[in-house]
Amino acid sequence: MTRHPACGAATSTGQPVPLEWSCQQTATHIGHDLLAYAGQLVASQADAYLPFDLRVRPTASPAEVLQMATACGRLLGSALATADRSLRAWHWGPV
């Protein structure tokens, strides 16, 4: 898969910077994270990520990958809409 120029960052000179991930890999990563956040929330996981991963078929078209990322975002939205406002879930981050 080739990189679309819109997926690359630009330097201060406006020249594109090559990225390590394709647009499809980036969208897959976003879908994975949205699904993981939904799982963290509904499981009320307090100290680590849940032990599951999202795998997208290598044959998935770009449209299918975007559909997947959208679905994962909607799952997170549904989890947030039904969660108690006081609920918190674990997420790694720098201190």
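For the numbers below, each heavy atom of this structure counts, side chains included, while hydrogens, waters and symmetry mates do not. Nothing fancy with the numbering, it's 1 onward along the sequence.
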Atom pair CZ (R57) and OG1 (T28), whose distance is rounded to the nearest 0.5 Å = 12.5 Å
Euclidean distance, W21 CH2 relative to T26 OG1, rounded to 0.5 Å = 6.0 Å
Can you name the nearest heavy-atom pair linking [X] to [Y], along with the distance?
X	Y	value
A27	A69	O-CB, 3.9 Å
A43	L50	CB-CD1, 3.8 Å
M68	V56	CE-CG2, 3.7 Å
E20	Q25	O-OE1, 4.0 Å

Can you check whether F52 reaches L35 side chain to side chain, under 4.5 Å on heavy atoms?
-> yes
Is there a side-chain contact between L41 and L87, using heavy atoms and a 4.5 Å cut-off?
-> yes
Check the hydrophobic clustering (I, L, V, M, F, W, Y; side-chain heavy atoms under 4.5 Å; chains of links allowed) and say if L66 and I30 are grouped together.
-> no
Do Y49 and L80 belong together in a cluster built from hydrophobic side chains that touch within less than 4.5 Å?
-> no
Donor-acceptor contact below 3.5 Å, side chain Q24 vs main chain V65 | no
